[in-house]
Colleague: 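Shown below is the structure under consideration.
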Amino acid sequence: MTSPSSSTDPKPLHRPLWRDLLACAQLIGAVQSGASLATALPQAAARGGWDAAQRGAAQALSFAVLRHLGTARAILAELQPRGVQPPLLRDVLLTGLVLLLPDTTLRYAAHTVVNQTVEACKRKPALRHAQGFANALMRRFTARANTAPPAKQTTEALWNHPTWWVEALQTAYPDDWQRMLAVAQRQPSMTLRVNTRHITRDAYQAALQEQGLIGTAPDVAALDQAIVLSQAVAVERLPGFDAGWVSVQDAAAQYAAGLLDVQPGQRVLDACAAPGGKTAHLLERCDCDVLALDKDAQRLQRVEDTLRRLGLHARTLAADASNPSAWWDGQRFDRILLDAPCSASGIARRHPDIRWLRRAADIPALAATQTALLDALWPLLQPGGKLLYVTCSVFPQEGKEQAQAFLARHADAIGSPAPGQLLPQEPDPDPQVRQASGAAAHSQDGFFYALFTKAS
């Protein structure tokens, strides 16, 4: 029985590693079949009767595997070039191989990984025939010096992203693409947004310190409610979380409320509101009349739950923002927030399944949806009003190109100052290294912001 460790001599745990290997393999198989982890994890946990500890272990392990899936696939193909294994066996082996890679964040003794991979096959009736094969394959890999990478270094194996994704970043960001892909391999920091209706940011930092937690306020004027934790924790450990003192929200997402510049009493439309972080942020900053819209009634419930926890109120409506004739009352809005459906490529470091689920053809299709939403919502804005277009994407078709095309189509739209493309970043944990390299001072996902003012 083993637990992950930073050394090669893990301490015993109450749960054997083979069980986590099998659980992770189920999740990896689901992702490779086209399901998101957000869908696959609760379904697998319900089927298997997983407790919270096993669910958490399976998620952590699956994140590690998905961040190294390209390399692991290439290694497996090299070790067994002539045969395609049944999916479950393939995914057990992929998981075991990732745990042997030198740059994985979860460290186990090599003999433990080999033993527990074989044990996983032994414990699963459908895999019992493969015990010897798994043992031989895993031992063959551990015999390599420093568990070397595959001899054939394909783009996918080298960067652990689909080839089309890497090529798209190379084209769009010739100076930054390598850093962006490297950032995607790192565990992102946990960033908080303090609800200053309840407590000041300084006071909340002090409350964190009393709980033994260290939080740093980014030195960015627009992030005046943000705190970046030095270590991620369960929300139950956050002081006053249930009382609405604080929310978890990435720094890049926290620009939206300030940019929209809502004034007291104004009518505001949050057109794609779920899960509600930006809706809540608007209301934390200003007493205004917000309509939170989302076409998914189930996800809209999360908006209502968030507002309830924070002690805030907005009108909520399950409706399709691209079809205003079905829900709009004819009264124009002073502000519109369009956090549009997108590839989510900017948050792929936080959700590593995204990179393997997206296809190149998804990007133009998503861009068409964004165009339709922008054109449908623009007539709903008052003259002099502002529309903020947001995506958590790094692909120009969903960002800069979309904004430029919108301005070209609408003569009454005026481009106003906005950050444009924010690239994902994660500071080095060593402050001296960070200072010497001029690296990012705070953690953030990749977002795009464009602000349009309607001519009076």
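The shown structure was predicted, so the numbers you read here are calculated from the model rather than taken from an experiment.
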Colleague: In Å and rounded to the nearest 0.5 Å, what is the CD1 to CG distance from Ile75 to Leu137?
Modeller: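 Between atom CD1 of Ile75 and atom CG of Leu137 there are 10.0 Å.
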Colleague: Using a strict 4.0 Å threshold on nitrogen-to-oxygen distance, state whether Arg285 and Asp224 make a salt bridge.
Modeller: yes
Colleague: Could you go through the ring-ring contact (aromatic ring centres under 6.0 Å, His included) check for Trp165 and Trp356 one step at a time?
Modeller: CA-CA 10 Å; Trp165 188 304; Trp356 305 112; 8.8 Å; no
Colleague: Hey, is the main chain of Leu79 close enough, under 3.5 Å, to the side chain of Arg140 for a donor-acceptor pair?
Modeller: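 At least one qualifying donor-acceptor pair exists.
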Colleague: When you check the side-chain N and O atoms of Arg309 and Ser247, is any donor under 3.5 Å from an acceptor?
Modeller: yes
Colleague: Would one find more than 12 heavy atoms of other residues, nucleotides or ligands at under 6.0 Å from atom CZ of Arg179?
Modeller: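 Atom CZ in Arg179 is crowded, with more than 12 foreign heavy atoms closer than 6.0 Å.
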Colleague: Evaluate side chain to side chain donor-acceptor pair (under 3.5 Å) for Gln187 paired with Thr105, printing each intermediate quantity in order.
Modeller: CA-CA 9 Å; Gln187 180 68 32; Thr105 54; over 6 Å; no
Colleague: Assess, by modelled atom type and distance only, whether the side chains of Gln444 and His442 contain a donor and an acceptor separated by less than 3.5 Å.
Modeller: yes
Colleague: Examine distances only and state if a side-chain atom of Arg201 and a backbone atom of Asn195 form a donor-acceptor pair shorter than 3.5 Å.
Modeller: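 A pair under 3.5 Å: no.
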Colleague: State the CD1-CG distance between Ile336 and Leu373, to the nearest 0.5 angstrom.
Modeller: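 Here the interatomic distance stands at 11.0 Å.
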Colleague: Main chain of Gln402, side chain of Gln370: is a donor-acceptor contact present, judged purely on distance under 3.5 Å?
Modeller: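 Between the backbone of Gln402 and the side chain of Gln370 there is no qualifying donor-acceptor contact (under 3.5 Å).
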Colleague: Would you say Val390 and Phe448 make side-chain contact, with heavy atoms under 4.5 Å?
Modeller: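 They are not in side-chain contact.
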Colleague: Would you sort out whether Val228 and Met190 count as a side chain to side chain contact (heavy atoms under 4.5 Å, CB included), showing the intermediate values?
Modeller: CA-CA 6 Å; Val228 182; Met190 184 175 185; over 6 Å; no
Colleague: Rounded to the nearest 0.5 Å, what's the gap from CG on Leu61 to SG on Cys24? Could you check?
Modeller: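 One finds 4.0 Å between CG of Leu61 and SG of Cys24.
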Colleague: Nearest 0.5 Å, what's the OG-CD1 distance between Ser343 and Ile354?
Modeller: 8.0 Å
Colleague: Answer whether the closest heavy-atom distance between the side chains of Leu238 and Val233 falls below 4.5 Å.
Modeller: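 In contact.
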Colleague: Is it the case that atom CG in Leu407 sees more than 12 heavy atoms from other parts of the structure closer than 6.0 Å?
Modeller: yes
Colleague: Would you say Met138 and Val118 make side-chain contact, with heavy atoms under 4.5 Å?
Modeller: no
Colleague: In the structure I gave you, are the side-chain heavy atoms of Gln59 and Leu37 within less than 4.5 Å of one another anywhere?
Modeller: no
Colleague: Taking Arg186 for its side chain and Pro427 for its backbone only, find out whether a donor-acceptor pair lies under 3.5 Å.
Modeller: yes
Colleague: Run the numbers on Asp20 and Thr95 for side chain to side chain contact (heavy atoms under 4.5 Å, CB included), then give the verdict.
Modeller: CA-CA 10 Å; Asp20 293 343; Thr95 303; over 6 Å; no
Colleague: With ring centroids as reference points, do Trp18 and Tyr108 lie under 6.0 angstrom apart?
Modeller: no
Colleague: Any donor and acceptor pair, going by atom type alone, linking the side chain of Tyr173 with main-chain N or O of Gln178 inside 3.5 Å?
Modeller: no
Colleague: So do the side chains of Tyr255 and Leu422 get within less than 4.5 Å of each other, counting heavy atoms only?
Modeller: yes
Colleague: Locate the shortest heavy-atom distance separating Asp91 from Gln32; write the atom from each residue and the value.
Modeller: OD1-NE2, 2.7 Å
Colleague: Is there a donor-acceptor pair closer than 3.5 Å between any side-chain N or O of Gln254 and the backbone N or O of Leu192?
Modeller: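 Pair found, side chain donor or acceptor close to backbone of Leu192.
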Colleague: Kindly say whether Ala64 contributes a backbone atom to a donor-acceptor pair with the side chain of His68 at under 3.5 angstrom?
Modeller: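 Side chain of His68 to backbone of Ala64, a donor-acceptor pair under 3.5 Å: yes, one is there.
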Colleague: Taking atom types as modelled, find out whether His281 and Gln225 have a side-chain donor-acceptor pair closer than 3.5 angstrom.
Modeller: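 Checked: His281/Gln225 side chains pair up, N/O donor to acceptor below 3.5 Å.
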Colleague: Search all heavy atoms of Ala292 against all heavy atoms of Leu300 and return the closest pair with its distance.
Modeller: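 Heavy-atom minimum between the residues: O-CD1, 3.8 Å.
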Colleague: Any carboxylate oxygen within less than 4.0 angstrom of a Lys/Arg side-chain nitrogen, looking at Asp362 and Arg359?
Modeller: no
Colleague: Under 3.5 Å, is there a donor on one side chain and an acceptor on the other for Ser189 and Glu426?
Modeller: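 Note: Ser189 and Glu426 side chains meet the donor-acceptor criterion.
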Colleague: So which heavy atom on Asp294 is nearest to which on Cys272, and how close?
Modeller: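 Smallest heavy-atom distance, with atoms named: OD2-C, 3.6 Å.
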Colleague: Is it true that the side chains of Asn160 and Thr71 contain a donor and an acceptor less than 3.5 Å apart?
Modeller: yes
Colleague: Do Glu284 and Thr196 pair up side chain to side chain, a donor and an acceptor below 3.5 Å, judged on atom types alone?
Modeller: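 No pair is found: no donor N or O on one side chain lies under 3.5 Å from an acceptor on the other.
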Colleague: Before you tell me yes or no, could you show the steps for Ile227 and Thr216 under side chain to side chain contact (heavy atoms under 4.5 Å, CB included), namely the whole-Å CA-CA distance, both residues' side-chain angles and the distance that decides it to 0.1 Å?
Modeller: CA-CA 5 Å; Ile227 295 178; Thr216 304; 6.0 Å; no
Colleague: Rounded to the nearest 0.5 Å, what separation is found between the CG atom of Leu260 and the CG atom of Leu387?
Modeller: 8.0 Å
Colleague: Are Arg349 and Asp250 close enough for a salt bridge, meaning some N to O gap below 4.0 Å?
Modeller: yes
Colleague: Is the backbone of Arg139 close enough, under 3.5 Å, to the side chain of Thr142 for a donor and an acceptor to pair up by distance?
Modeller: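 Yes; judged by distance alone, with no hydrogens or angles, the pair exists.
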Colleague: List the steps, then state whether side chain to side chain donor-acceptor pair (under 3.5 Å) holds for Glu304 with Thr316.
Modeller: CA-CA 8 Å; Glu304 295 170 354; Thr316 59; 2.6 Å; yes
Colleague: Dump the intermediate steps for salt bridge (charged side-chain N to carboxylate O under 4.0 Å, His left out) on Arg308 and Asp305, then the final yes or no.
Modeller: CA-CA 5 Å; Arg308 191 177 303 112; Asp305 292 343; 2.9 Å; yes
Colleague: State, to 0.1 Å, how close Ala274 and Arg299 come at their nearest heavy-atom pair, and which atoms those are.
Modeller: O-NH2, 3.1 Å
Colleague: Would you say Phe133 and Leu89 make side-chain contact, with heavy atoms under 4.5 Å?
Modeller: yes
Colleague: Any side-chain heavy atom of Trp159 sitting closer than 4.5 Å to one from Gln185?
Modeller: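 A side-chain contact under 4.5 Å is absent here.
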Colleague: Between Tyr449 and Tyr389, is the ring centroid distance below 6.0 Å?
Modeller: no
Colleague: Give a yes or no answer on whether the side chain of Gln116 reaches the backbone of Arg19 with a donor-acceptor pair at less than 3.5 Å.
Modeller: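 Checked: no pair found.
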Colleague: Return yes if a side-chain donor-acceptor contact under 3.5 Å exists between Thr391 and Glu398, otherwise no.
Modeller: no
Colleague: Measure across Leu293 and Ala319 and return the closest heavy-atom pair with its distance rounded to 0.1 Å.
Modeller: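 Heavy-atom minimum between the residues: CD1-CB, 3.7 Å.
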Colleague: Please walk me through it: do Leu66 and Leu69 pass side chain to side chain contact (heavy atoms under 4.5 Å, CB included)?
Modeller: CA-CA 5 Å; Leu66 290 167; Leu69 186 58; 4.2 Å; yes
Colleague: Flag the pair Leu282 / Leu337 as yes when at least one side-chain heavy-atom distance between them is below 4.5 Å, and no otherwise.
Modeller: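 Yes, side chains in contact.
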Colleague: If you round to the nearest 0.5 Å, how far is CG of Leu213 from CD of Gln205?
Modeller: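 So the CD of Gln205 and the CG of Leu213 are separated by 12.0 Å.
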Colleague: Tell me whether the count of non-hydrogen atoms from other residues, nucleotides or ligands lying under 6.0 Å of CD in Gln209 goes above 12.
Modeller: no
Colleague: Over all heavy atoms of both residues, which pair between Leu357 and Ser36 is shortest? Give the atoms and the distance, please.
Modeller: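 That closest heavy-atom pairing would be CD1-CA, 3.6 Å.
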Colleague: For the side chain of Ser345 and the backbone of Val394, is there at least one donor-acceptor N/O pair under 3.5 Å apart?
Modeller: yes
